[in-house]
Amino acid sequence: DAGVIQSPRHEVTEMGQEVTLRCKPISGHNSLFWYRQTMMRGLELLIYFNNNVPIDDSGMPEDRFSAKMPNASFSTLKIQPSEPRDSAVYFCASSKPPGSPDTQYFGPGTRLTVL
Amino acid sequence: GEDVEQSLFLSVREGDSSVINCTYTDSSSTYLYWYKQEPGAGLQLLTYIFSNMDMKQDQRLTVLLNKKDKHLSLRIADTQTGDSAIYFCAESTGGYQKVTFGTGTKLQVIP
């Protein structure tokens with residue numbers, strides 16, 4: 001299994017530009033999570049989906065952030081417009097169906113730098 | 001809401017044992033986890049313990065759970081330089097599979 005796939009691995013953009021991060025979860029996993037990690041704030045849960053439906057988006061910082069999961073094998077996190085304070089590593093994770101430990105499998109992350 | 005706390009930093013000498021501690025607030029936690037994050041990588045599950053267990057051992061790793069005090073610890077025996085990483089404690093109550101992560105403890109192993 002290829003694991004959780006994220007693209008791009010690195011993104012450098014200028015303030016005001018739109019940024020789209022992509023994630024392909026592990027096949028058969030029905031939950032998908034987006035996290036943001038910074039030195040100051042640690043690991044923050046932004047949003048998660050069950051069966052492609054957003055369950056909890058209370059961690060999304062503001063309206064500039066949006067996430068979609070059009071099907072079971074793809075999700076996007078979009079920032080528009082981007083700001084320097086959005087610079088962070090963004091992780092996508094997926095997990096197995098209910099009934100098992102809620103083990104999350106993390107992708108390698110996307111390191112975003114907003115200049 | 002749920003809260004998981006850890007100390008930020010731990011330094012040990014190679015060959016010594018490391019003990020990383022964690023406290024959590026949600027008494028309905030079903031599973032408690034330890035994840036490891038190596039530089040430039042995502043988090044990876046090390047081990048987990050079910051809430052009705054007191055201890056779990058897996059090779060060099062020993063997890064102790066004190067449910068009364070809501071305290072979880074991870075002991076790494078014979079710590080190696082390859083164990084240098086950030087260790088995250090986490091908990092979940094099952095159901096919707098949301099996992100609450102702690103702040104992470106950076107373990108530095110001195111040769």
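On a predicted model such as this, the values are computed, not experimentally measured, just so you know. Numbered from 1 within each chain, the chains take letters A, B, ... in sequence-line order.
- Tracing side-chain contacts under 4.5 Å through hydrophobic residues (I, L, V, M, F, W, Y), one never reaches Ile47(A) starting from Phe74(A); they form parts of separate clusters.
- Asp63(A) CG: 12 or fewer foreign heavy atoms inside a 6.0 Å radius.
- For Phe101(B) and Phe91(A), the ring centers are positioned 6.0 Å apart or more.
- Note on Gly40(B), Ala90(B), Gly42(B): by heavy-atom pairs under 4.5 Å with chain A, the leading option is Gly42(B).
- In the hydrophobic clustering of this structure, Phe106(A) groups with Tyr31(B); members are Ile, Leu, Val, Met, Phe, Trp, Tyr whose side-chain heavy atoms approach within less than 4.5 Å, directly or through other members.
- For chain B, no part of Tyr105(A) is nearby; none of its heavy atoms comes within less than 4.5 Å.
- Under the 3.5 Å distance criterion, the side-chain polar atoms of Tyr33(B) are left unmatched by any main-chain donor or acceptor of Gln104(A).
- Among Gln6(A), Arg111(A), Gln37(A), Arg9(A), the residue making the largest number of heavy-atom pairs under 4.5 Å with chain B is Gln37(A).
- Met15(A) and Phe65(A) end up in the same hydrophobic cluster when Ile, Leu, Val, Met, Phe, Trp and Tyr side chains are linked at under 4.5 Å.
- Transitive grouping of hydrophobic side chains (ILVMFWY, heavy atoms separated by less than 4.5 Å) keeps Phe9(B) and Ile20(B) in distinct clusters.
- Here Leu115(A) is tied into one hydrophobic group with Val12(A), each link being a pair of ILVMFWY side chains closer than 4.5 Å.
- When the ring pair (Phe, Tyr, Trp, His ring centres under 6.0 Å) test is applied to Phe88(B), no partner is found at least two apart in sequence or on another chain.
- Of all residues spanning residues 45-65 of chain B, those with a heavy atom less than 4.5 Å away from chain A's heavy atoms are Leu45(B), Tyr48(B), arranged by number.
- In this structure, chain A has no heavy atom under 4.5 Å from any part of Gln44(B).
- Trp34(A) and Ile5(A) fall into different hydrophobic clusters, where Ile, Leu, Val, Met, Phe, Trp and Tyr are joined by side-chain heavy atoms under 4.5 Å apart, directly or via other members.
- A search for side-chain contact (heavy atoms from CB on, under 4.5 Å) contacts involving Glu38(B) returns Lys36(B), Ala85(B), not counting sequence neighbours.
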